[in-house]
Amino acid sequence: MKYINKKLKIEGVSVENIAKKYGTPSYCYSFNKLKENIKDFKKNFKSFSPLICFAIKSNTNVNLIREIKKFGLGADVVSMGELMIAIKAGINPKKIVFSGIGKTSKEISFAIDKKILLINAESESEIREIDRIAKLKKKKIQVGIRLNPNTDAKTLSQISTGKKENKFGVNEKSFITLVNYCKKSRNIDLKCLSVHIGSQILNYKPYEKMLKIISKIIKKINFKFEYIDLGGGMGISYNFKNEKLNYQKYNFAIIKFLKSHPSKIIFEPGRCIVGNTGILVSKVIYIKKSEKKNFIILDAGMNDLMRPALYGAEHKILPSIMKNQNSKKIYEFVGPICESTDKFITLKNFKKLEEKDLVTICDVGAYGMSLSSNYNIRPKSAELLIKGSKIKVIRKRQSYKDLI
Ligand code: LLP
C-alpha cells in the first residue's frame, strides 16, 4: 500500500475508488503481497522443501484459497466445513492435514473418505474413535499425534496453545502411551508427530525450545516419524516497528533437528501468508465529542473485525487521503455495535478527519473476515481481490435478504 498523489492505493487501485464502486466496509486483498509472502516463506525454508499447509481458519475465502493453491500449498483444516472449502478450492487431499481437539465421528468419517494426508489426533479417545471408524471401513488410516510440548510461545495468552494448561495436544506420558497403542492397531498407521505452540510468535526461541523437546522424546521412544508437523504461528508486524519472526533462525534450528531426525517437515502457516495482504476499507459515519474523548464512529464494527475486541489487538489505521493537517485531538476509533469493547484503536496526531471520510484498517487478511459475524444483524462485508489495477469480487456483500 502506498500514497500516490496523496491518495492511498492498494496495488493500482485507490481506496476511494474501492469505496465508490463496492461500498464500505469492504475487505480487500493484494494478490502481489500474497505472492510475495508465499515466495518469501518458501525461499527461507527451501533447503528441506517442507509441505506448506495453509491454515484455512485464517482466511476461508474459497477464491483466495484457490489462488494460494496455485502456488502448490496444501491445507490445514480444523472442521468438516474447512475440509470442504479446501477441497472445493482444488487442494489435493494428499496435501491436507486435519487438526483440532473435538473432531466428531462424522468429521473423522468424512476425512477418511476424502483420503486426506493426515488426521492429527489430540487425545486417547480420539485415537480410539479413529481406530473404530477405520476398522468399520476396513481401512488403514495415516495419523499424527499432537504433542503438547509445554513450551511458552511468549505470545498473547489467548492465542498460546503449547503450555500444559492449554487444552491442545497430549503430554509426553500420554504421547508415549498413544504411540504404543498405534503400533498395535491394524487400522492406524502412525506417521506424524505434530505440534503447534501458538500464534503471532515473533521470537524464534520458543520454536528452538520446542524442537529440543520433540527431539528428546523421539530419541526416548525410538520411533521413526515420516512427518514432523511443526504447526504455524509465525508472527507478522502489526505496528510500525516492523517486527516479524526471523525465518532464518527458525530454519537453522530445524536443519539442526533434521540431522538427527530425518523426516518431512510440515508447516501450517496462516497469518504470515495472508495477514498483511488484507485491508478493511471503512467510512467515518459520525464524529462525536464527549466530555473526555473524541470518537470517530466507523461503519466497520467488531462484527467485521473481532481481533481488537477479543484480544486487545491493535491494527494500524490510515486515512485514504493524506491531508496536510494533523489533528491535535486524540481520536478513539470505534464501531457502531452496542458493546463498549467495539473499539479499534486510540490515535494521536492523526490526519484531520471529517464525517464521510474513508479510512483503512491494515493487516486484516488473517482472522479478519474469518472471525466476522452477523452480530446486530449486520450483513458481512464484501471481499475483493486486487491484482494490479484489476478488482475481482471474491465474495459479494451479504444482503439483508440473506439474513432476514
Ligand atoms: N495450526 C494449528 C493447529 C492452529 O491452531 C493454528 C492457529 C494454525 C496452525 C495457524 O496459526 P498461524 O500461522 O495463523 O498463527 N484468532 C487469533 C489466532 C488464533 C490462531 C488459532 N490457531 C488471532 O486473531 O490472532
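Indexing begins at 1, ligand by ligand and atom by atom, following the structure's order.
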Exercise for the section: Under the side-chain hydrogen bond (donor to acceptor under 3.5 Å, both in side chains) rule, what do Ser105 and Glu129 come out as? Steps first, then yes or no, please. Expected result: CA-CA 7 Å; Ser105 313; Glu129 188 58 3; 2.7 Å; yes
Handout entry: Derivation and outcome, side-chain hydrogen bond (donor to acceptor under 3.5 Å, both in side chains), residues Asn376 and Asn303
Key = CA-CA 8 Å; Asn376 284 191; Asn303 74 300; over 6 Å; no
Practice task
Give the C-alpha distance, both sets of side-chain angles, the deciding distance and a yes or no for side-chain hydrogen bond (donor to acceptor under 3.5 Å, both in side chains) between Asn59 and Tyr29.
Solution key: CA-CA 11 Å; Asn59 193 309; Tyr29 307 102; 3.3 Å; yes
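Counting heavy atoms closer than 4.0 Å to ligand 1, residue Tyr311 contributes side-chain atoms (C-beta onward) but none from N, CA, C or O. Counting heavy atoms under 4.0 Å from ligand 1, residue Leu310 does not touch it at all. Residue-level proximity to ligand 1 for Ser199 is carried by backbone and side chain together, each with a heavy atom below 4.0 angstrom. Contact annotation for Ile201 and ligand 1: no heavy atom of the residue comes within less than 4.0 Å of the ligand.
Those atoms of ligand 1 that come under 4.0 Å of a heavy atom in Gly232, given as number and element, are 9 (C), 13 (O). Using a 4.0 Å cut-off to heavy atoms of Asp76, the atoms of ligand 1 that qualify are 1 (N), 2 (C), 9 (C). Close approach to Gly270 involves these atoms of ligand 1, each under 4.0 Å from a residue heavy atom: 12 (P), 13 (O), 14 (O). Set against the non-hydrogen atoms of Gly233, the atoms of ligand 1 under 4.0 Å away are 11 (O), 12 (P), 13 (O), 15 (O). Atoms of ligand 1 lying under 4.0 Å from any heavy atom of Pro269, numbered from 1 in the order shown and given with element: 13 (O). Close approach to Leu371 involves these atoms of ligand 1, each under 4.0 Å from a residue heavy atom: 16 (N).
Geometrically, Lys42 does not engage Phe71 in a cation-pi contact, judged by NZ or CZ lying under 6.0 Å from the ring centre and within 45° of the ring axis.
Counting protein heavy atoms only, atom 24 (O) of ligand 1 is closest to Arg307 NE, 2.6 Å. Given atom 20 (C) of ligand 1, the protein heavy atom at minimum distance is Tyr367 OH, 3.6 Å. In terms of protein heavy-atom proximity, atom 19 (C) of ligand 1 is closest to Ile159 CG2, 3.9 Å.
None of Arg395, Lys392, Lys396, Arg397 except one satisfies the salt bridge (charged side-chain N to carboxylate O under 4.0 Å, His left out) rule with Glu383; the exception is Arg395.
Proximity of a side-chain donor or acceptor of Ser263 to a complementary backbone N or O of His261 within less than 3.5 Å is detected. In terms of modelled atom types and a separation under 3.5 Å, the side chain of Glu355 and the main chain of Ile287 share a donor-acceptor contact.
Heavy atoms from other residues, nucleotides or ligands lying under 6.0 Å from OH of Tyr3 number more than 12.
Ranked by closest heavy atom to atom 4 (C) of ligand 1, the top entry among Lys57, Arg146, Glu268 is Lys57. Closest heavy-atom approach to atom 18 (C) of ligand 1 within the set His196, Gln200, Arg271, Met234: this belongs to Arg271.
Pairing each heavy atom of Lys293 with each of Glu332, the nearest pair is NZ-OE1, 2.8 Å.
Checking Gln398 against Asn374 by side-chain atom types alone, a donor-acceptor pair falls below 3.5 Å.
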